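Have a look at the structure below before the remarks.
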Amino acid sequence: MYIAVDDTDSRQGMCTTYVLSEIILRSGLDLIGFPGLVRLNPAIQHKTRGNGALIANLGKGRGDPIRVGTFNGMDLFSYRKGTSVSDGEDLMDLAGEVINEMAELEEPETNPGIVVSENKFEQTFYWKAVREEVSILDAEKFIRNQGGRFRKIKNGRGIIGSAAAISWPGNLVTYEFLSYKYPNGTPIKSETKMGAAKVAERITGSFNNIDLRNGYPAIFPKERTPVVFGVRGTSWEHLANGAKEIIKLNDLDIDRSILYMTNQATDDHIIFDPESISSGSSYSIEGRISDDPYSITGGHYFSTMKSGLLELKIAAFEPTKEFRRIFSRLKTGDLVRVFGTFKDGCLNIEKLEVKVTSEIYRRLPPLCDQCGASMRSKGHNDYRCSQCGNRSSMPAFSIVHRDLQPGMYNVPVIARRHLSRPFGLELTEKGELVREVSA
Ligand code: ATP
């Protein structure tokens, strides 16, 4: 039986991943496949942080289990296959109980939603929720139509994310190993955090661990939450071993850890080469820069590009830090592919491919065709030779050296979105554990 939950936390505390872990623990059921952390449209206004929904398949496991975490020192296992032993209603009640106890229900923007289903839902809803905006009513209709059941707490907006998590096909996957200390994590010195993030960086296939230039240990949360740290990677085996080493080396006080399968770093939110664009969705668009970049107070940079009939304002905002230096070197005529979210009339760039840089020429006074001396400019297209007095209206041209090479440019780790796949990250298709599962 699949159970999905969303919208239980606020910026004051809690994390829906912890709520799911509590449901798994209290259910007494086996985990079948990996639990899933499914990120949805990053432009949604109601999100607390990273717009993540959670899913687990719970039942009676079969076959050889693998260790996917620990609960208070006890191993948590996951089974490759399993059968459903719940009618869903008991799981829904349990999830409701856990949410009533743990969710930040007094916060106005916390509106939990629980969805249960015997089977995975059609993937259409996932693609809509990761790329567009969906209404609570649409989620209700979809869940009913797919034979699932839901429970709304307060306005129940969380059923949108929960339904999307059950619809997630997991075509491309990465993993995140999260460790916790209930209720507010554990205090860690900043040197220890940087040291631990450097260890994470050495885990094969791991990504977005640390931003050295900006002094940012990305594996640690910025806000109050039970999460102590989370490391991301393309190989769950390497992640699980590496995370254990981080805990041991730094003697971190944790009471729980879980390995999630995720859609992080898959670019699932990106719509490629759209015919039209709308606010609140993310795109990849190829075109030519049509205005040299300029900056405004606050350190935000803007430019425009043309792609067919589309003329698009593009931006590198201050949080993208040193990426702005790359952006500012773009010139009119450069052929680029931009990736980012379109909002408030502007595409907010999250990565950039410079395909071809345009050649830029500078006018120079020509050499005198009578005596070979350098001529002097006396006005627009008016050149005089100071040696022999010859005149010319034809300038010479030289190619301006470009300080931007064609290539792939990521924003720094501190500015990366969960769903955005950094250039250079190879994804392995290793979602078998979940895909082989029978309900
Ligand atoms: P955290 O990352 O800390 O778990 P969050 O950023 O996931 O928090 P939530 O508190 O879950 O934020 O709030 C996001 C809300 O937006 C949820 O209610 C979810 O159902 C809803 N939502 C998700 N995707 C969409 C979408 N495409 N359209 C409309 N609502 C959405």
Side-chain angles (χ1 to χ4, degrees), residues 3-23 35-55 95 98-99 102-115 121 123-143 148 150-168 176 178 180 183-185 218 220-228 230 232 258 260 262-264 268-271 278-282 341-343 416-419:
I3 175 149
V5 284
D6 194 13
D7 210 339
T8 68
D9 51 6
S10 77
R11 286 189 174 265
Q12 308 317 311
M14 201 18 78
C15 174
T16 307
T17 63
Y18 196 86
V19 169
L20 182 82
S21 73
E22 192 66 19
I23 295 168
L37 165 56
V38 184
R39 301 286 180 180
L40 299 166
N41 190 346
I44 288 306
Q45 61 153 331
H46 296 294
K47 70 176 186 175
T48 308
R49 288 180 281 251
N51 201 6
L54 276 301
I55 174 174
V98 172
I99 286 171
M102 295 189 146
E104 300 273 306
L105 294 177
E106 62 292 348
E107 296 294 329
E109 280 295 320
T110 300
N111 292 291
I114 311 162
V115 179
F121 294 158
Q123 56 177 289
T124 43
F125 194 83
Y126 165 71
W127 293 109
K128 210 164 159 47
V130 77
R131 293 178 170 178
E132 296 169 32
E133 177 138 10
V134 185
S135 70
I136 300 175
L137 197 64
D138 280 348
E140 289 183 19
K141 281 191 210 148
F142 176 76
I143 298 164
F150 61 83
R151 188 169 299 172
K152 301 196 298 180
I153 299 167
K154 293 169 63 186
N155 80 15
R157 184 178 293 112
I159 64 164
I160 299 170
S162 299
I166 303 186
S167 309
W168 178 43
E176 178 155 2
L178 279 162
Y180 306 90
N184 288 323
F220 293 96
K222 280 187 264 185
E223 285 161 9
R224 227 159 54 135
T225 144
V227 173
V228 176
R232 290 145 192 236
I258 303 197
Y260 293 91
T262 85
N263 62 346
Q264 290 169 163
D268 274 1
H269 62 313
I270 300 281
I271 301 167
S278 48
S279 200
S281 289
S282 305
T341 298
F342 185 67
K343 223 176 169 184
R416 287 199 194 150
R417 290 205 136 141
H418 296 297
L419 276 162

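All ligand and atom numbering here is 1-based and tracks the order in the structure. Keep in mind that what you see is a predicted model, and the values were worked out from it rather than measured. Index from 1, following the sequence.
- In this view, Thr124 and Glu122, Phe142 satisfy the side chain to side chain contact (heavy atoms under 4.5 Å, CB included) rule, not counting sequence neighbours.
- Between Thr16 and Val5 the shortest heavy-atom distance is CG2-O, 3.8 Å.
- Residues that satisfy the side chain to side chain contact (heavy atoms under 4.5 Å, CB included) test with Lys128, not counting sequence neighbours, are Glu132, Val134.
- With sequence neighbours left out, Tyr180 forms a ring-ring contact (aromatic ring centres under 6.0 Å, His included) with Tyr18.
- Listed as neighbours of ligand 1 are Asp6, Asp7, Asp9, Thr16, Arg39, Leu40, Asn41, Ile44, His46, Lys47, Thr48, Arg49, Gly50, Asn51, Gly52, Ala129, Glu132, Glu133, Val134, Arg157, Gly158, Ile160, Gly161, each bearing a heavy atom under 4.0 Å from the ligand.
- The distance from atom CG of Leu419 to atom CG of Asp268, rounded to the nearest 0.5 Å, is 7.0 Å.
- Shown are Arg39, Arg416, Arg417; of these, the side chain to side chain donor-acceptor pair (under 3.5 Å) with Gln264 is made only by Arg39.
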